[in-house]
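Everything below concerns the one structure shown next.
The chains referred to below are lettered A, B, ... by the order of the sequence lines, with proteins before strands, and numbering in each begins at 1. Atom set for the values below is all heavy atoms of this structure, side chains included, hydrogens, waters and symmetry mates excluded.
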Amino acid sequence: MAEISYICKRTVVSTKPVQPGKTHPLSALDRAMDHNRVRIVYYYRTPPGREVGEVTKRLRETISEMLTSFPMVTGRLQRNEEGQWVVKCNDAGVRMVEARAKGSVGEWLKSVDREKELKLVHWEDMFHKIYFWSTFYVQLTEFEEGGLAIGFSCTHLLADPICATMIIKAWADTSLLGEMPNPPLFHSSLPLIRPVNSINHNPYTHLINHYKSSLDNSTPVTNTKYTTIALLFTNPMVQACMEMARTHPEAHGTPIFPSPFEALAGLFWTCISNVKGWREGLINMSICLDMRKVLGLDEGFFGNCMVYNAVRGGDFNRHEISKAAMAIRGVMEKMDSEEIMDLIQWLECDSNRSSVLMGGCEHLICTNLEDVEPYSAKFEEGYAPVRVSYHIEPVSTKGQVLILPAPPEEGPLSRVVMVTLPENEAVKLCKDVRVLSFSPTILMGFNKN
Amino acid sequence: MASLSNSVKLKYIKLGYQYLVNHILTFFLIPILMGFLIKILSLGPDQIYEIGSSLHFDLLQFLGSSLMIIFLATVYFMSKPRSVYLVDYACFKPPASYRVPHATLVKHLRLSNKDNPEIVEFQRRILQRSGLGDETCLAPANLYIPPTPSLEASRAEAELILFSVIDDLLKKTGTKTKDIDILIVNCSIVSPTPSLSAMVINKYKLRSNIKSFNLSGMGCSASLISIDLARELLQVHPNSCAIVVSTEITTPNYYSGNERSMVLINCLFRMGGAAILLSNKKADRSRSKYQLLHLVRTHKGADDKAYRCIHEQEDTQGIQGVSLSKDLMLIAGEALKSNITTIGPLVLPASEQLNFLFTLIGQKILKLKWKPYIPDFKQAFEHFCIHAGGRGVIDELQKKLQLSAKDVEASRMTLHRFGNTSSSSIWYEMNYIESKGRMKKGDRIWQIAFGSGFKCNSAVWKCNRTITTPTDGPWLDCIGRYPVSISQVLDL
C-alpha cells in the first residue's frame, strides 16, 4: 500500500542565536515524566498543483523562525550539580526528517493503523551521549498525490501533549501570518504561593499516595503488541452517552449530567473492564488531567502540567456507567490547587528518586485532552488539519484511553477517543455491545490488509 | 613627570620630522618662489618689459615650444594608466535558516564521526578558540545527517549566492546587463562544467561578445587576483565596465576524516560571496565609491614549503580534504614581508621610507645592532581589511604591522559574524567600515589577502566620496551590536 521513503535527516536551528549560558530548569512535574514520550501526527490536505517538496521547504524556514521563541526546544539535557535534569539552551537545534509517501493522504487515512502511523513520527531513544541527543523530532511526510503529515515527537520530560500542541500552533501561526500572536511565557518554576496558614495544613494524601505507589510498583514494560483504535463520537452520540451516564440523586428529580469526558471515560472504563474479563467491579484506573486552569497558569505556559490521580473501581459493577462517571467526577473535584501544590512539594523533596514510569503502574490510564485545540493549527489559509492523532508512550500495561476533541465541524460536544490495548482485547472492544450502541465512526482500526 | 614631558617632546620631534620630510619639495619651492617674486616686484615695470623683450620671442620658437609642450602633455596623458574605479559592490547575506551555531556543528561532527571522539573533541576545542560567533552560515547539505554533498547541491548553493549578489549589485548601480563588458568569477573549490561564469551569462542573458573568465583553485586571495585581471583588461579596453564575483561554495567542504591538519575547514569556512563593479569610464568617476591606486601580487610558490603549506589531498583513509601545515603563520609572515617590500615604497610617506633606509644602512653597512624598522603603515592608510583567515592570522598581522585593535576591528568582527568566507571576506570587512560610518572621502584602504600557493596579494583603494550610514549591506541589521568583545575561549 502506501510506502514511506525517507529522504534525509537534518538539523534545523532557530534564526536568531540564543544568549549563551541560558538554561531552562525543569519543574518537579516535568521530572516526574522522565522516560515517557509524546508523539503527535497532524494530517493535512494540500492545495492542488503544488510540487512535492515545496511545502517541506517552506515549513523548514518557518520552523526556524518559530524556534527563535522556544530556546528550550533547541537545547540539550544535562545534569546539574544536584544530579537533576536541566535543559542547556545551547542552540543545538531539533532533528527534522523528510520523507515521501505514495498515494494521497485520504487513501492513507482510510487504512492506517498504529504501526503505520508511528512510521510518520520519527523518534530516537536516548543513547549514551545525552548531550548530543535531540529532545524534539519533527517529520514532514509529503504524499505524492497530495497531502502532508507532520509528525512531532518529544520527550515528556520537557512538554506534555498540551504544550506540544501549543508549539505546533505557534509554528502554524508563523507559517500563516509570518509572526506569532502569542509568544510563550516561561516560568522558572510552577507557582508555589502557599497561603499563610499552611503550617497546620494536612497534606492531601490521596494524590501523593498514588504517585508513591506508581514509583514502588514500576514493572518493566512488556513487549505486548498494542493496537490503537480511534473512534469518532459525533455530537448526538456524545449526548446519548451523557444521557446514559446521568444519575438521579435521591433528593431532587433533576438529573445530573456528566461532562463529555466523564461520560466517555466512564463508558470506556466499564467496557474495557468487561473486555479484560473483570466480572466483579472495575479495574483500577488513573485519570490524567490538565491542571493549568486549576493552578491559574497562563495559556503560554511551557512544560508539564498534567497530573495523574487514581480512581478506585472496586465498588460498583461494570454495567453502571453512571456510577463510574460520578466516581470520576468525584476524584476530579478533589484535585484543586492545594492538593496539586502538596504533590509538587512532595515530588520536590523526593527528587532523587527514580521517576514515575506511568506505564509501569498497574492501571488503565485515561487522559483528558479535551482542551487542546489542534484543529486551529492552520499552516495555510483554509487548510485546517483533517485529523490529529496523539500517542503517549510507553503504553501502560493495562491500556490507555485518550479523549481528544474532534474536528470542529462535528460539533462542540463531539470527541475522538483513542484506545490503546493489547490486540486481542482491542478486537473484543470493537465488538462490545455498549460501544456499538452509539455506532461511532471508526477512524483508525485494524489494518484491513 | 620627567618621562612624560620627554615622551611628549619626542612625539613633537617625530611629528616635526615627518612633516618636514613629507613636504620637502614644498619646503624647497616656497623660498625659491618667494625669492623670485620679491626680485620681480623689486624691479620696476620698465625693467620687466626690458627683460621680456630680451627673450626674443619669434614665431618659430614660440610655435616650437608650444608644440613641444602639447606633445609632452599628450605623451604623458596617453601613457598614464587608465584609472580604475570601483563603482559599488554587494555582499551576500545568507538566509537566517542556514545558521550553524557551534553546538549544532559539534553535534553533527559527533554523529558523523562515531568511531573517533578525539577528533571531535579536537574540533570542539578549535571552535571554542576560533573567534567565530553563532550566526555564521553553512549550506544546508552540511547539516544533513549524514552530510550529502552532491553536484546538484553545490550548483544550487552557487546559484543562490551568485544570483542574489549580482541582482543586488545591478540594482544598486543601475547597470544594464547589456552594458557588462567583462565578467570574472572566482570560486576555488567548485568548478563544474559549464563554468560558474557561464552560469551567470546564461541567467542574465549577457552579450555574446562578453569577455568572461572563471578562476578556480586560486584560494582565498583569488578576489584580488580577479580585480587585478579586471584592471589589466580595463587598460586595454577603453570605456568598459567589469563585474568581478568572488565566492566559495561550502557544500562539498565537509571533512569527515581523522586527520588533525585537515579539520580546520569544518571549523572556520562559511558561506559568503561578493560582487564588485569596476569601471574605467570617466562618467563613473563621480558616482563611484573607490579608486584603485595599487595592486601588488606576491607569490612564494617557488619555495617548496610555501607551496605545500595549504595542500588538498586524500588522507590515509582515502577521504579528500585540505591540509594546513603547522608552518602556516611563519610562511604567511614571510609572504607579507615580501609584499610589504614592494608596496612600501609605493604608499609610504617619504619620512617612513627614510627611516627604513637609515635603519637598513645602520644594520647592513654599519653593522649596528638595530632592530629592523617596521614602517608605520598607519600613516599610509586609514583603514585595513585583513583577510579574516582565522584568529591566528589576524593576531599575527596585528603584531607584525603594529596595528591597534581598532584597525583590525573590521577583520575580527567579520570573522565573528560571517566566519572565514574565503575570497569575499575582505569585502565584508570593507562593508563593516562603511556601515560604521568611518569611511570618509580621501581615506586610503589597504586590503591584504593570503591564499594557497602561497600568495599574498594587496590592493590599495582611495575613497572617492564619503559614505553615509545607514548603508545597504549584510551588516544592516546587526551593525548596532558590533563591535562585540570576543572571549578567548568560548564555553561550549
Among B:His416, B:Glu409, B:Lys436, B:Arg412, which residue meets the side-chain hydrogen bond (donor to acceptor under 3.5 Å, both in side chains) test with B:Tyr482?
-> B:His416
Top residue by heavy-atom pair count (under 4.5 Å) with chain A, among B:Arg110, B:His108, B:Arg99?
-> B:Arg99
May I ask you to say whether A:Lys9 pairs ionically with A:Glu124, meaning some side-chain N is under 4.0 Å from a carboxylate O?
-> yes
Honestly, the part of B:His102 sitting under 4.5 Å from a heavy atom of chain A is neither
Heavy-atom contact with chain B under 4.5 Å, split by part of A:Lys16 | backbone
Heavy-atom distances under 4.5 Å only: say whether A:Ser134 touches chain B with side chain, backbone, both or neither.
-> neither
Would you mind checking if A:Arg100 and A:Glu144 are paired as a salt bridge, meaning a charged N to carboxylate O distance below 4.0 Å?
-> no
Contact part of A:Ser64 toward chain B, heavy-atom cut-off under 4.5 Å: side chain, backbone, both or neither?
-> side chain
Do B:Trp475 and B:Tyr428 meet the criterion of a side-chain donor-acceptor pair at a distance under 3.5 Å?
-> no
Please check if any side-chain donor atom of B:Thr414 sits under 3.5 Å from a side-chain acceptor atom of B:Ser425, or the reverse.
-> no
Carboxylate-amine/guanidinium proximity below 4.0 Å for B:Glu429 and B:Arg417 | no
Show me the donor-acceptor pairs, under 3.5 Å and distance only, between side chains in residues 159-170 of chain B and residues at least two apart or in other chains.
{"residue": "B:Ser164", "atom": "OG", "partner": "B:Leu160", "partner atom": "O", "Å": "3.0"}
{"residue": "B:Ser164", "atom": "OG", "partner": "B:Ile161", "partner atom": "O", "Å": "3.3"}
{"residue": "B:Asp167", "atom": "OD1", "partner": "B:Tyr204", "partner atom": "OH", "Å": "2.8"}

Flag the one option from B:Thr104, B:Val100, B:Asp134 with the top tally of heavy-atom pairs under 4.5 Å to chain A.
-> B:Thr104
Quick check, are the ring centers of A:Tyr42 and A:Phe152 under 6.0 angstrom apart?
-> no
Answer yes or no: are there more than 12 heavy-atom neighbours, outside B:Glu121 itself, under 6.0 Å from its atom CD?
-> yes
For chain A, find its close neighbours in residues 138-150 of chain B: heavy-atom separation under 4.5 Å, sorted by number, or none.
-> B:Pro140, B:Leu143, B:Tyr144, B:Ile145
